[in-house]
Every structure is written in structure tokens, then in C-alpha cells.
Amino acid sequence: NAGVTQTPKFQVLKTGQSMTLQCAQDMNHNSMYWYRQDPGMGLRLIYYSASEGTTDKGEVPNGYNVSRLNKREFSLRLESAAPSQTSVYFCASSEKGGGADTQYFGPGTRLTVL
Amino acid sequence: GEDVEQSLFLSVREGDSSVINCTYTDSSSTYLYWYKQEPGAGLQLLTYIFSNMDMKQDQRLTVLLNKKDKHLSLRIADTQTGDSAIYFCADASGNTGKLIFGQGTTLQVKP
């Protein structure tokens, strides 16, 4: 039982390049989330998926797209990376997405955009 | 939008108690959470409190909630060097599962 896994762990991009961050969970959770963490700003929600087949914008969705490929996998795509997207990206999942529903976090992807 | 605020840094001596404070603006908070982040790692849930509770105790952790003042605190008794980490307060509004995080408080524990 690996929990929430993310790939890659580190990535360096040039401005304008694209890439997809992968996330998978093996806990049979319905809800999945993508956050970014910037120094002094805590975590901010980019997109979330309440259940397979649905996605919704969070607080900071601009410049990102997501795909809920199946119940296990939720990917985050940067179509044209910008230096402002340099950040640590965390994926999380929770059983049903409401109330006292614990979110379990992956180890993060550290992205630098030059 | 809703906001969650924390002080950025706290330094204590090993064996002392640590108190990390958090304020929030959301009047419809249902649950409030404390997460811990160790260097280079993801976030780990420490504890949570339902909004109709005043206090919750879990071993060395005590959470106090003052709903009138929208103030949440986390007390760690007998703080150890292994408690050194960043602690995040988070607010769950309504039933969407979305969390609003504070900026995080870095706890430094000196031997």
C-alpha cells in the first residue's frame, strides 16, 4: 500500500515548455486534489476532482489543466510553463471529499521553470 | 475569499510546551485541521476538531477552538527535537472537502 505517489520528484523546465505531473493513489479514494506550495503562502488549491469523471477549479487554476484518468490517477498539465509556476506541487486524495475527510498527501514534485 | 493566518516562526527548548496559533475568517467552518510537514516531505494529518467542539486532546497534542474569536491553537506538550517541522492550520468550509491553508508555522526545537 504505497498511498499517494507522484512523479517526477524533481523537474527543471524552460519557459514555454510543457509537462505533465502524474499522481496515483491506491486507497480507492473518490476525491483527488492538486496544490501548489510557495514560501510563506501555505498550500493553494489548483484543481480538484470530487469523483471519477469530474474536475473543478480551485483557488489558482490559471495556466494548468487536469485529467482524472480513472479513479486512481489524477494528472496536472502545464501547457506553457512560466517562471511564476516554479513551486512545489502536491497531490492529495481523500475518501469522499467532505466533512472530516482526511486528505492524504504525496511527497511532492519540485518544479523549477527557468 | 476566506483566509487563514498563522505566525511564521516559533522557537522552544526541548521539554517545553509549544503553542501554535491560527486565526480564520470563515463563519461556516465545519472542521479545522492541523497538518505537519517535515523537510522534503508531504503533509501529514496530526489532528482535527469539529467546529462545535471547544477542545480536543490526543496524547501530547491539545487543540483549543474559540469559535467566537475564530481562533485555533495547537499545544504540543513536552516538545521533542523530532517535533521540529512546519505546522499548517487548515479550514474546511461546508461539505466540499476543499481546504484553505494558513502559511505554516516553522517550529524550531532547541536541545
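Every chain is numbered from 1, with letters handed out A, B, ... down the list of sequences.
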By a 4.5 Å heavy-atom criterion (distance strictly below it), what part of B/Tyr35 contacts chain A: side chain, backbone, both, or neither?
side chain

Tell me, for B/Gln37 versus chain A, whether the close heavy atoms (under 4.5 Å) come from the side chain, the backbone, both or neither.
side chain

Top residue by heavy-atom pair count (under 4.5 Å) with chain A, among B/Ile86, B/Val4, B/Leu43?
B/Leu43

Select one option (side chain, backbone, both, neither) describing which atoms of A/Leu45 are under 4.5 Å from chain B's heavy atoms.
side chain

Tell me, for A/Tyr35 versus chain B, whether the close heavy atoms (under 4.5 Å) come from the side chain, the backbone, both or neither.
side chain

Heavy atoms of A/Tyr48 and B/Lys98 approach each other most closely as CE2-CD, 3.3 Å

Single-linkage hydrophobic cluster [X]~[Y], side-chain heavy atoms < 4.5 angstrom:
{"X": "A/Leu21", "Y": "A/Val88", "value": "no"}
{"X": "A/Val4", "Y": "A/Tyr47", "value": "no"}
{"X": "B/Leu61", "Y": "B/Leu72", "value": "yes"}
{"X": "A/Val66", "Y": "A/Val60", "value": "yes"}
{"X": "A/Trp34", "Y": "A/Val113", "value": "yes"}

Got a second to check how far B/Tyr48's OH is from A/Gln103's CD, nearest 0.5 Å?
13.5 Å

Can you measure from CZ (A/Phe105) to CG (B/Leu45) and round to the nearest 0.5 angstrom?
9.0 Å

Between A/Glu59, A/Arg44, A/Arg110, which has the largest tally of heavy atom pairs under 4.5 Å with chain B?
A/Arg110

